[in-house]
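Read through the structure below, which is laid out as structure tokens, and then see the notes.
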Amino acid sequence: MNERFPGGALVSQIEVTSTTVRRGDVIQLGGRAYRVQDLFQLSQGAKQLLFESGELLTIHARTRLAAVRTMRRR
């Protein structure tokens with residue numbers, strides 16, 4: 001589902017895994033939103049996510065998380 005937010009930003013709610021997560025994705029964890037600042041590849045398909053808040057999250061290759069992604073305007 002795509003929605004427009006104030007300022008004209010188009011966002012989409014998606015499910016991300018270690019292979020599909022990107023910088024800039026906003027991931028909902030424990031009722032709080034965290035924006036992905038950087039990604040680090042680990043062994044066996046896992047990734048470590050660095051959030052703008054400075055916190056780290058390591059996700060397994062099969063982990064699935066709900067996220068919001070800002071879509072580019074064409």
Side-chain angles (χ1 to χ4, degrees):
M1 177 167 80
N2 294 334
E3 297 179 30
R4 287 203 182 273
F5 278 83
L10 182 64
V11 297
S12 180
Q13 293 181 352
I14 58 170
E15 183 178 270
V16 295
T17 65
S18 65
T19 57
T20 62
V21 67
R22 297 182 191 168
R23 288 178 182 92
D25 285 350
V26 178
I27 297 175
Q28 190 81 12
L29 297 169
R32 294 184 54 195
Y34 297 90
R35 184 177 304 273
V36 178
Q37 179 179 337
D38 207 357
L39 308 162
F40 303 98
Q41 184 68 49
L42 302 175
S43 63
Q44 299 180 353
K47 277 197 181 154
Q48 190 171 53
L49 311 179
L50 172 63
F51 296 117
E52 287 181 347
S53 62
E55 296 167 294
L56 292 170
L57 175 68
T58 302
I59 59 175
H60 185 272
R62 292 187 221 152
T63 302
R64 298 189 186 292
L65 300 168
V68 175
R69 182 173 289 163
T70 304
M71 309 301 282
R72 291 185 176 155
R73 296 177 80 179
R74 294 179 191 226

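Just so you know, these numbers use all the heavy atoms, side chains as well, and skip hydrogens, waters and symmetry mates. Owing to the predicted nature of the structure, the values given are computational and were not obtained by experimental measurement. Throughout, residue positions are numbered sequentially from 1 according to the sequence presented.
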| task | Any chance you could lay out the side-chain contact (heavy atoms from CB on, under 4.5 Å) test for Phe51 and Val36, step after step, and finish with the verdict? | result | CA-CA 5 Å; Phe51 296 117; Val36 178; 3.9 Å; yes
| How about Gln44: does its CD atom have over 12 heavy atoms from other parts shown lying under 6.0 Å from it? | no
| Straight-line distance of Leu56 CG to Leu49 CG, nearest 0.5 Å | 8.5 Å
| request: Starting at CD of Gln48, measure out to CD1 of Ile59 and round the result to the nearest 0.5 Å. | output: 10.5 Å
| Could you give the distance from CG (Leu50) to CG (Leu57), rounded to the nearest 0.5 Å? | 10.5 Å
| Roughly how far, to the nearest 0.5 Å, is the OG atom of Ser18 from the CD atom of Gln41? | 7.0 Å
| Would you say Asp38 and Arg23 make side-chain contact, with heavy atoms under 4.5 Å? | yes
| remark: In terms of heavy-atom contacts, Val16 and Thr20 come closest through CA-OG1, 3.3 Å
| said: Asp25 and salt bridge (Lys or Arg N to Asp or Glu O under 4.0 Å): which single residue from Arg35, Arg69, Lys47 fits? | reply: Arg69
| task | Verify side-chain contact (heavy atoms from CB on, under 4.5 Å) between Thr17 and Thr63, making sure each step is shown before the conclusion. | result | CA-CA 6 Å; Thr17 65; Thr63 302; over 6 Å; no
| Should Leu65 and Val26 be regarded as members of a common hydrophobic cluster, given that ILVMFWY residues are connected when their side-chain heavy atoms come within less than 4.5 Å of each other, either directly or indirectly? | no
| query | What are the two closest non-hydrogen atoms of Ala67 and Ile27, and how far apart are they? | reply | CB-CG1, 4.1 Å
